[in-house]
Amino acid sequence: MIDLLQAKKAFKEYISQYDIQIPSIRLKVIHTYEVMKVSDLLCEHMCLSKEDKDLASLIALLHDIGRFEQWMRYQSFADYKTIDHALFSSQLLFDEGMIRNFIIDSQYDTLIKVAIEQHNKYKIDHGFNKKELLFIHLIRDADKLDNFRVKEEEKIENILYASLDEVNQCSISPEVYQQMYHQELVYAPYRKTHLDMWLSYIAFIYDLHFKESIKYIKDNHWIDRSFDRLHPTHQETYEQYQILKQKALDFIEKKGLI
């Protein structure tokens with residue numbers, strides 16, 4: 001049995017040790033709850049059972065549990081510079097036994113564990129069964145979809161750690177441009193500039209699994225809204241930026257018809 005009320009209570013108790021006034025901590029608290037909402041929405045559109053919906057919500061609640069300690073230790077969410085936050089979240093829950101604070105029943109442990117460990121990977125590992133892949137794809141999509149809300153609501157300084165003027169003066173690294181031009185997810189180590197970072201978030205659309213996720217992007221006009229928040233000042237960069245925007249719009253339009 002999955003008791004989401006108890007799980008939320010345990011989550012609230014866990015994060016009480018962190019200062020929510022720190023922008024990065026606050027951002028992740030809000031993100032956690034919003035990913036739960038998006039996950040619920042996807043499950044409803046897909047007509048999944050209550051048990052599956054509740055399990056997906058629990059995974060969403062726990063998927064970034066390691067982010068808070070990651071920030072306190074390193075003042076950074078850059079996994080490739082610090083720690084893999086998904087594996088760290090899994091270690092906190094399963095190696096240290098924290099999972100039992102959120103759910104007493106152990107029958108879901110494997111599904112929770114693999115979904116959390118795979119949610120931030122560039123590519124999903126091989127060897128998972130159909131049920132495991134369902135929850136892996138659900139958290140990966142829900143996590144990516146809420147990032148569009150985050151990038152619109154949060155201050156640029158809290159997302160990219162640079163002012164809006166600084167970001168607009170950045171260039172686009174060739175590797176990032178090529179991957180987005182070919183409608184591919186951006187490989188994190190290729191990101192060199194703040195603008196690269198911003199574009200890599202928009203490129204999440206190229207890794208969405210469910211048609212319901214594509215519809216979510218299209219219905220909410222997230223491509224226009226995300227691209228239009230920045231205005232590169234250098235002419236060549238601006239032209240590249242507009243090309244990548246059109247590529248993204250074309251992708252969503254084409255995928256929405258399939």
### Message
Main chain of Ala10, side chain of Asn101: is a donor-acceptor contact present, judged purely on distance under 3.5 Å?
### Response
no
Besides Leu5, the hydrophobic cluster formed by Ile, Leu, Val, Met, Phe, Trp and Tyr side chains linked at under 4.5 Å, directly or via other members, contains none
Ring pair (Phe, Tyr, Trp, His ring centres under 6.0 Å) pairs touching residues 16-42, sequence neighbours excluded, are Phe11-Tyr33, Tyr14-Tyr18, Tyr18-Phe68, His31-His63
To the nearest 0.5 Å, atom CG of Leu208 lies from atom CD1 of Ile252 at 6.5 Å
Notebook entry, point to check: Glu212 side chain to Met46 main-chain N or O, any donor-acceptor pair under 3.5 Å?
Noted result: no
NZ (Lys211) and NZ (Lys255) are apart, to the nearest 0.5 Å, by 13.0 Å
### Task
Could you check if a side-chain atom of Ser200 sits within less than 4.5 angstrom of a side-chain atom of Val176, using non-hydrogen atoms only?
no
Taking Thr193's backbone N and O only, do any of them form a donor-acceptor pair with Asp196's side chain (distance below 3.5 Å, no angle check)? yes
_Expected output: side-chain Ser106 to main-chain Asp109 donor-acceptor under 3.5 Å_ = no
Please answer whether the main-chain N or O of Val35 pairs with a side-chain N or O of Ser39 as donor and acceptor at a distance below 3.5 Å.
no
Contacts of Lys151 meeting side chain to side chain donor-acceptor pair (under 3.5 Å) (sequence neighbours excluded), chain-then-number -> Asn147
Just so I know, are the side chains of Leu55 and Ile112 near enough to count as touching, which here means a heavy-atom distance under 4.5 Å?
yes
Problem - N/O donor-acceptor pair under 3.5 Å between Ser226 side chain and Trp222 backbone - result: yes
### Message
When you compare the side chains of Asp165 and Gln169, does any donor N or O come within less than 3.5 Å of an acceptor on the partner?
### Response
no
Hey, are the side chains of Glu34 and Val150 touching, using non-hydrogen atoms and a 4.5 Å cut-off? no
message: Assess, by modelled atom type and distance only, whether the side chains of Asp105 and Gln107 contain a donor and an acceptor separated by less than 3.5 Å.
response: yes
dist Asp146:CG -> Glu153:CD (nearest 0.5 Å) comes out at 8.0 Å
Take Glu239 and Gln235 through the test side-chain hydrogen bond (donor to acceptor under 3.5 Å, both in side chains) and record every step on the way to the result. CA-CA 6 Å; Glu239 291 172 0; Gln235 185 62 31; 3.0 Å; yes
Does the Asp64 side chain pair with the main chain of Arg67, one donor and one acceptor, at a distance under 3.5 Å? no
Legend entry - Side-chain touch Tyr108/Glu51, heavy atoms, less than 4.5 angstrom: yes
Fill in: Mutual orientation of the aromatic rings belonging to Phe210 and His137 [parallel < 30°, tilted 30-60°, perpendicular > 60°]
perpendicular
The complete set of salt bridge (charged side-chain N to carboxylate O under 4.0 Å, His left out) pairs with one or both residues in residues 122-132, sequence neighbours excluded, reads Asp52-Lys131, Lys121-Asp125
Notebook entry, point to check: Taking C-beta and beyond as the side chain, do Ser24 and Tyr161 meet within less than 4.5 Å on heavy atoms?
Noted result: yes
Which is it for His85 and His119 under the side-chain contact (heavy atoms from CB on, under 4.5 Å) test, yes or no, and what are the steps along the way? CA-CA 10 Å; His85 79 275; His119 88 267; 3.0 Å; yes
Query raised in the report: Does Arg225 reach the main-chain N or O of Asp228 with its side chain, forming a donor-acceptor pair under 3.5 Å?
Result: no
Query - Test salt bridge (Lys or Arg N to Asp or Glu O under 4.0 Å) applied to Lys53 and Glu44, step by step - result: CA-CA 8 Å; Lys53 180 182 176 183; Glu44 288 170 5; 2.9 Å; yes
Heavy-atom donor-acceptor pair, Asn220 side chain to Tyr216 backbone, under 3.5 Å | yes
A quick test of your reading: do over 12 heavy atoms of other residues, nucleotides or ligands sit less than 6.0 Å from NZ of Lys245? yes
Sorted by chain and residue number, the salt bridge (Lys or Arg N to Asp or Glu O under 4.0 Å) partners of Asp95 (sequence neighbours excluded) come out as none
same_hphob_cluster(Phe88, Phe77) at 4.5 Å side-chain heavy-atom cutoff:
yes
Rounded to the nearest 0.5 angstrom, the CG-CD1 distance for Leu230 and Ile202 is 7.5 Å
Rounded to the nearest 0.5 angstrom, the CZ-CG distance for Arg229 and Asn168 is 11.0 Å
Residues joined to Leu133 in its hydrophobic cluster, side chain to side chain under 4.5 Å directly or through other members, sorted by chain and number, are Val114, Ile124, Phe128, Ile136
### Query
Taking a hydrophobic cluster as the set of Ile, Leu, Val, Met, Phe, Trp and Tyr residues connected by side-chain heavy atoms closer than 4.5 Å, whether directly or through intermediates, do Ile65 and Ile104 fall within one such cluster?
no
- Query: Is it true that a side-chain atom of Arg140 and a backbone atom of Gln118 form a donor plus acceptor pair closer than 3.5 Å?
  - Reply: yes
Interatomic distance, CE@Met180 vs OH@Tyr206, rounded to 0.5 Å, equals 5.0 Å
